Every structure is written in C-alpha cells, then in structure tokens.
Novice: 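I am attaching a structure below and will ask some questions about it afterwards.
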Amino acid sequence: MSIQTTDVEHVARLARLKLSDEEREMFTGQLNAILQYAEKLNELDTENVEPTTHVLPLSNVMREDQVHESLTQEQVFRNAPDEEDGQFKVPAILE
C-alpha cells in the first residue's frame, strides 16, 4: 500500500488545509515512510507472543477499604454557616 499525492490532497481538503506543492510532496513521502515501517512490523513472528493491553505489568494501586467511625451530624454542622432540619442551608440561586 502506498499513499499518492491525490490522497494527501483529499485529506488536506477534508481538514480544510491549504498545502503548497512542496508540502504535498513532503507529506506524501513521510506517510509512505510510515506505511513502509508498518509493513516491516508485519514480518515479525508473533505466534507465541501473548496479547497485552499495556507494556508494563499493572496492578490495582488503590488502597483497601477500611471501615471507620463516621462523623456525627453535630460534628458535620459544627462549621456550617447555616443548617435547617439536618441539612445545609444555602442561599437560593433561582428566583
């Protein structure tokens, strides 16, 4: 598979880019180099390679949940500016 200048022009048109002749030629060459490299990767023998989602082995880094005493309602509302019927009272934002 190879990229033609017309392909680069088409993508540039879709991206609303105006490319000069030099840029079209440069991008055509660069994209073809990328495709050639990808073709080289297809030559590798991956028969016995286990599929992975990440190159490093990852494990859950979250701490274990620990049950502990919760704050009482009195402690929660101690620093609240205003409280009514066990709820925080705030100024109305809608008229």
Side-chain angles (χ1 to χ4, degrees):
M1 173 181 239
S2 68
I3 299 289
Q4 305 298 320
T5 308
T6 56
D7 299 323
V8 173
E9 290 170 354
H10 178 69
V11 172
R13 194 174 327 105
L14 292 174
R16 308 284 197 268
L17 297 174
K18 186 172 185 173
L19 299 178
S20 66
D21 291 337
E22 299 85 32
E23 289 173 324
R24 272 188 231 114
E25 293 300 321
M26 178 186 69
F27 291 137
T28 302
Q30 288 177 348
L31 291 170
N32 277 317
I34 292 169
L35 288 177
Q36 287 174 358
Y37 183 74
E39 287 296 320
K40 278 187 176 184
L41 293 176
N42 286 334
E43 297 172 8
L44 294 174
D45 178 24
T46 58
E47 186 67 32
N48 295 321
V49 177
E50 185 177 325
T52 59
T53 58
H54 201 279
V55 295
L56 300 174
L58 296 178
S59 61
N60 191 354
V61 294
M62 299 170 75
R63 65 172 171 76
E64 291 292 323
D65 286 338
Q66 297 175 353
V67 178
H68 54 84
E69 202 63 35
S70 295
L71 296 175
T72 64
Q73 211 173 38
E74 181 182 292
Q75 292 171 318
V76 170
F77 291 120
R78 187 177 298 150
N79 290 325
D82 202 2
E83 172 262 328
E84 183 177 296
D85 298 327
Q87 298 179 3
F88 291 101
K89 187 173 181 182
V90 296
I93 58 168
L94 301 174
E95 295 180 15

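Every value quoted in this text rests on a predicted model; they were computed, and no experiment measured them.
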Novice: Using side-chain heavy atoms (C-beta onward) and a distance below 4.5 Å, is Q36 in contact with E39?
Specialist: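 A side-chain contact under 4.5 Å is absent here.
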Novice: Would a distance-only check, ignoring hydrogens and angles, find a side-chain to backbone donor-acceptor pair under 3.5 Å from T46 to V49?
Specialist: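 Flag not set: sc T46 to bb V49 has no pair under 3.5 Å.
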Novice: Taking ILVMFWY side chains as joined if any heavy atoms are under 4.5 angstrom apart, and letting links pass through other members, which residues group with I93?
Specialist: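 For the cluster that includes I93, the remaining residues are L94.
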Novice: Output the distance between atom CG (D21) and atom CD (E9), rounded to the nearest 0.5 Å.
Specialist: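 These two atoms lie 8.5 Å from each other.
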Novice: Would you kindly say whether E22 and S20 are connected by a side-chain donor-acceptor distance under 3.5 Å?
Specialist: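 Yes, side-chain donor-acceptor contact under 3.5 Å.
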Novice: Please give me the minimum heavy-atom distance between K18 and E23, naming the atom from each residue.
Specialist: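 Nearest pair, atom of K18 first, then E23: O-OE1, 4.0 Å.
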Novice: In Å, rounded to the nearest 0.5 Å, how long is the span from CG of N32 to CZ of F27?
Specialist: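 It is 13.5 Å, given to the nearest 0.5 Å.
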Novice: Looking at CD of Q87 and CZ of F77, how far apart are the two atoms once the value is rounded to the nearest 0.5 Å?
Specialist: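 Here the interatomic distance stands at 7.5 Å.
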Novice: Apart from Y37 itself, what residues make up its hydrophobic cluster when side-chain heavy atoms of I, L, V, M, F, W and Y under 4.5 Å apart count as a link, directly or indirectly?
Specialist: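 Answer for Y37: L41, L44.
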Novice: Working to the nearest 0.5 Å, report the span between CZ of R24 and CG of D7.
Specialist: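 If we round to the nearest 0.5 Å, R24:CZ and D7:CG are 13.0 Å apart.
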Novice: Enter the distance from E74:CD to E83:CD here, rounded to the nearest 0.5 Å.
Specialist: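 Separation between the atoms: 10.5 Å.
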Novice: Please step through side-chain contact (heavy atoms from CB on, under 4.5 Å) for the pair Q4 and T28, ending with a clear verdict.
Specialist: CA-CA 6 Å; Q4 305 298 320; T28 302; 5.9 Å; no
Novice: Ignoring hydrogens and angles, state whether a donor on the side chain of T52 or E50 is under 3.5 Å from an acceptor on the partner side chain.
Specialist: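 There is no such pair between these side chains.
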Novice: For L19, which of V8, T5, V11 qualifies under side-chain contact (heavy atoms from CB on, under 4.5 Å)?
Specialist: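 Exactly one candidate clears the test, V8.
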